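Small disclaimer: the values here were computed from a predicted structure and weren't measured. Proteins get letters first, then strands, A, B, ... in listed order; numbering begins at 1 in each.
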Amino acid sequence: MAPQTRSSFPSVVIERETDTEESSSFSEEEEGGGGGKGAGEEDAESESENVKTYEERTKGKAPISIPLKKVCKVCKKPGHEAGFKGATYIDCPMKPCFLCKMPGHTTIMCPHRVATEHGVVPAPHRSAGNPIDFIFNRQLSPRVRPIKPAFVIPNEVKCAVTRYHSRRVTCLEFHPTNNNILLSGDKKGQLGIWDFHKVHERIIYGNVHTCILNNMKFSPTNSGSVYAASSDGTISFTDVETGISSSLVNLNPDGWQGPSSWKMLYGMDVNAEKGLVLVADNFGYLHLVDSRSNNKWEDTILVHKKGSKVVGLHCHPLQPDIMLSCGNDHFARIWDMRKLQDGCSIHDLEHKRVVNSAYFSPLSGSKILTTSQDNRLRVWDSIFGSMGPPNREIVHSHDFNRHLTPFRAEWDPKDPSESLAVIGRYISENYNGTALHPIDFMDISTGQLVAEVMDPNITTISPVNKLHPREDVLASGSSRSLVIWRPKEQSESVKEKEDQKIVLCGKLEKKRHGKKFGNESDDDSDHDGGFGPVSKKGKA
DNA sequence: ATAACATGTGACC
DNA sequence: TGGTCACCCTGTTA
């Protein structure tokens, strides 16, 4: 599994965004404190201390009542506490499990969690589609040696830009031909173009959209230009080189007439064969736009419950007539483009909660992977067989939170077995004193957690992740930062120790204190790569 | 170190 | 359909 490095990467560089950007409406300064978890650290404090503070504050005034008992921040009830204790989060026992959502236990005790060392663990295999599948999986599969090649996991930070965007990152896209160009969209509607080989070469186009850039897709006919769908109700078509942008459609030609009429565009995809741009809005409708004649409307179809947001669209990789949508009505739906009519989907894939994303597998398109807000990934193995309940449900922490871009599990487009997917994790784990939110690599054919990738310098959640279509590179959007990961190069000594298992990136024993993420001055990765967990080990 | 805040949006009636 | 209401591991600034 030793990664064969292709292009020669420069040594690790972490670039802090200087405040030059016109985008930045914020003031200045540093990344907000490593590990600092805003809410609720003081749990550790003793009761007496609490009292004292209170007295001090009230300067001797008779307090009405002094909360001598610990009060839970979550449920407000006395007798227990919840929140961070150091880098470990203590769950409120009055709430259902934050992972699997079942009552009766906390996240720590969740059966989906405790089975392996740490992290998220799959649900047991559930309802196989048909008897043969079931038998195969149950009886034969364990004895059949896997023929699929070992996964290559980009688990080490190669470079990053912090505060690149002025708001949180909402989507990422690799350039279709230029391997080192990463596009990123943010909540403000800005479009970032970053050459991560030359870390300093980056630009933000601030005038493409006026609010959330929800999805991007490169034009199949013009690889220098990208479509973007935004909550401002427009699709933009932008030349990456020049930044010149035109508006393909505007669903709000009359401007703001109140929230009940303002259309926002979410799911988008391009159907090359048909020359169509597909885009969906927050009222349940799919819009077809002829990409050749630009602007010409083909049709508008209700694809999800009226009034509900359609957050994802995906065209089948091999069959131009097949399309997949997903949205807030708890469904993902498969459509035949030739028979697009209101409510005439081929299959409706039911979920318990909102479906953040639904994707065909990238090569054959025979599988579907969805991410739902019920903290489960769902997999349908063969969309050409009977479409019943999912073949697998994998419990995984990716809760919805108003401050976060919704999590989306993304396929590895390079995996010939179409079983590797990446998704950020919401729940943090205490990694030697630092609370980190790993990025998980799941083998969705087994439900196994293959790898959890993290770095002590990246303390924010990474809901947005994309694997490179050709290289062993992972791009992450974490708050306002972008991070590029590549496989850790293992020295021989380290290699034998860490052996077959996927190496965790965040071995913090050797954490390099003071090397704050984003300090350009001292980042200079002396010797063997510097920043990052790695190395050092062998020298002992 | 910690408190306050900005801020959507999904669920439910 | 509309209105109200929670909302637990944010992230950032003061």
Starting from P on B:dG10, measure out to NE2 on A:His398 and report it in whole angstrom. 14 Å
For the pair made of CZ in A:Phe283 and P in C:dT1, what is the distance, rounded to whole Å? 11 Å
Looking only at heavy atoms, the pair that brings A:His80 and A:Pro93 closest together is CD2-CD, 3.4 Å
Are the ring of A:His403 and the base ring of B:dG8 both nearer than 5.5 Å at their centres and tilted by less than 30°? no
Presence of donor-acceptor pair under 3.5 Å, side chain of A:Arg402 and base of B:dT9: no
Distance in angstrom units between A:Asn401 CG and C:dC8 P, rounded: 10 Å
Flag the pair A:Asp399 and A:Lys101 as a salt bridge only when some basic side-chain nitrogen lies within less than 4.0 angstrom of an acidic carboxylate oxygen. yes
Has A:Phe98 got its ring stacked on the base of C:dC8, with centres under 5.5 Å and planes less than 30° apart? yes
Residue mapping more 5' on DNA chain C - nearest nucleotide basis, A:Tyr426 or A:Ser260: A:Ser260
Taking for each residue the nucleotide of DNA chain C with the nearest heavy atom, is it A:Ser479 or A:Cys97 whose nucleotide lies nearer the 5' end? A:Cys97
Specify the separation, in whole Å, of atom CG of A:Leu436 and atom P of C:dG11. 12 Å
C:dC9 phosphate, OP1 or OP2, under 4.0 Å from A:Lys85 side-chain N/O: no
Could you tell me the separation between the NE2 atom of A:His330 and the P atom of B:dT9, rounded to a whole number of Å? 15 Å
Using whole Å, report how far CG of A:Leu404 lies from C1' of B:dG8. 12 Å
Salt bridge between A:Arg333 and A:Asp348, side-chain N to carboxylate O under 4.0 Å? yes
Does the plane of the ring in A:Tyr89 sit parallel, tilted or perpendicular to the ring in A:Phe84? Use 30° and 60° as the thresholds. perpendicular
Remember a base hit wins even if backbone is also touched, and classify A:Asp91 as base, sugar-phosphate or nothing at under 4.0 Å, heavy atoms. base
Think A:Lys306 has a side-chain N or O under 4.0 angstrom from the OP1 or OP2 of C:dT1? no
Taking 4.0 Å as the cut-off, does a side-chain nitrogen or oxygen of A:Arg163 come that near to OP1 or OP2 on C:dT13? yes
Rounded distance in Å between the P positions of B:dT7 and C:dA14: 15 Å
Could you check how far CZ of A:Phe400 sits from P of C:dC5, rounded to whole Å? 19 Å
Classify A:Pro463 by what it touches in the nucleic acid, base, sugar-phosphate, or nothing, heavy-atom distance under 4.0 Å. nothing
Whole-Å distance between C:dC8 C1' and A:Ile461 CD1? 11 Å
Which part of the nucleic acid, if any, lies within reach of A:Arg353 when heavy atoms closer than 4.0 Å are counted: base, sugar-phosphate only, or nothing? sugar-phosphate
Assign the ring pair A:His287 / A:Tyr285 to parallel, tilted or perpendicular, where the plane angle (0 to 90°) is split at 30° and 60°. tilted
